[in-house]
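Quick notes on the structure that follows.
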Amino acid sequence: MHNTHVLIAYGSKHGATQGIAEKLGEALRSDGCDAVVMPADRVDDVSGYDAVILGGAVYAGRWHVEARRCARRHAGQLRHLPVWLFSSGPVDDSAERRDIAPVRGVARWMQRLGAREHITFGGALTAETPGRIAHSLVRHGKGGDFRNPERIHQWAHHIAAQLATSS
Ligand SMILES: Cc1cc2nc3c(=O)[nH]c(=O)nc-3n(C[C@H](O)[C@H](O)[C@H](O)COP(=O)(O)O)c2cc1C
């Protein structure tokens, strides 16, 4: 019996989603999985993994382009693997208060890939985030880091538990 190999791929423009992916990786490793974390555009082969977690930042209602491309590129294989999707978005506490449904494009990928679950995590937009829109939002008090490490860890443990019972 080998350890469960989990790929965590992310589409991130400014690093918030990457941070979430890395936390998921840490938590899965602490549960005994072999977790590999990489940007979605670097994924060229998903064979060899027992499960895949694919996440992306949401910009203007759309999942990060590299998350979408990764889903498309590997759809044939992903359909036969346990897959979980996540989004990083709201820069407020709404993701803490209720389950936020995937945006339409992500809901479609859920279906096409037969993904097990989707979760929306709070995102981050801080003074360090580059870009004019980001700076202006932060200046108007619309920024903050709403990633909740506890919730990210919980989701990873929940996935590890499902993988343990299914293997
Ligand atoms: C121009 C812009 C548009 C955004 N649009 C959305 C959106 O439609 N829905 C959402 O939930 N979050 C939206 N956000 C928040 C980002 O998704 C959030 O900051 C995310 O955590 C960024 O991830 P990244 O650093 O990995 O790119 C937007 C942020 C910016 C700067």
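FYI, the numbering just counts along the sequence from 1. For ligands, and for the atoms within them, numbers begin at 1 and follow the listed sequence.
Proximity of Ala60 to ligand 1, defined as any heavy-atom pair under 4.0 Å, is confined to the backbone N, CA, C and O atoms. With a heavy-atom cut-off of 4.0 Å, Thr120 does not touch ligand 1 at all. At a 4.0 Å heavy-atom cut-off, ligand 1 touches Ala124 through the backbone alone.
Atoms of ligand 1 found under 4.0 Å from any heavy atom of Ile133, numbered from 1 in the order shown, are 1 (C). Atoms of ligand 1 lying under 4.0 Å from any heavy atom of Ser88, numbered from 1 in the order shown and given with element: 17 (O), 20 (C), 21 (O), 23 (O). Remark: ligand 1 atoms within the under-4.0 Å shell around heavy atoms of Ala57 are 22 (C), 23 (O), 24 (P), 26 (O), 27 (O). Atoms of ligand 1 lying under 4.0 Å from any heavy atom of Gly61, numbered from 1 in the order shown and given with element: 7 (C), 8 (O). Atoms of ligand 1 lying under 4.0 Å from at least one heavy atom of Gly123, given by number and element, are 21 (O). Residue-ligand proximity, Thr17 to ligand 1, at heavy-atom distances under 4.0 Å covers atoms 23 (O), 24 (P), 26 (O). Close approach of ligand 1 to Lys13 (heavy-atom distance below 4.0 Å) involves ligand atoms 24 (P), 26 (O), 27 (O).
Looking at atom 25 (O) of ligand 1, its nearest protein heavy atom turns out to be Ala16 N, 2.8 Å. The protein atom (non-hydrogen) at minimum distance from atom 9 (N) of ligand 1 is Val58 CG1, 3.5 Å. Atom 18 (C) of ligand 1 has Gly89 O, 3.5 Å as its closest protein atom, hydrogens excluded (heavy atom only).
Side-chain contact between Asp41 and Arg69 is absent, with no heavy atoms from C-beta onward closer than 4.5 Å.
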Assess whether side-chain contact (heavy atoms from CB on, under 4.5 Å) is satisfied between Arg62 and Arg68, documenting all intermediate values.
CA-CA 9 Å; Arg62 302 191 77 187; Arg68 282 184 269 139; 3.0 Å; yes
Hey, mind stepping through Leu7 and Ile53 against side-chain contact (heavy atoms from CB on, under 4.5 Å) and telling me if it holds?
CA-CA 6 Å; Leu7 171 66; Ile53 302 175; over 6 Å; no
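The minimum heavy-atom distance linking Val6 with Leu28 is given by the pair CG1-CD1, 4.0 Å.
Taking distance alone, with nitrogen or oxygen atoms compared against 3.5 Å, Gly15 approaches ligand 1 more closely than that limit.
Of the candidates Pro90, Gly122, Ser87, Pro90 brings a heavy atom nearest to atom 11 (O) of ligand 1. The residue among Trp63, Tyr59, Phe121, Phe146 with a heavy atom at the shortest distance from atom 2 (C) of ligand 1 is Tyr59.
Judged by distance alone, with hydrogens and angles left aside, the side-chain atoms of His140 form a donor-acceptor pair with the main-chain N or O of Ser136 at under 3.5 Å. No donor-acceptor pair closer than 3.5 Å links the side chain of His14 to the backbone N or O of Glu128. Of the possible polar contacts, none joining the Ser88 side chain to the Ala57 backbone as a donor-acceptor pair under 3.5 Å is found.
Atom CG of Asp45 has more than 12 neighbouring heavy atoms from other residues, nucleotides or ligands inside a 6.0 Å radius. Counting heavy-atom neighbours within 6.0 Å of Arg112 CZ, excluding the residue itself, gives a total above 12. The number of heavy atoms from other shown groups lying within 6.0 Å of CZ (Arg151) is above 12.
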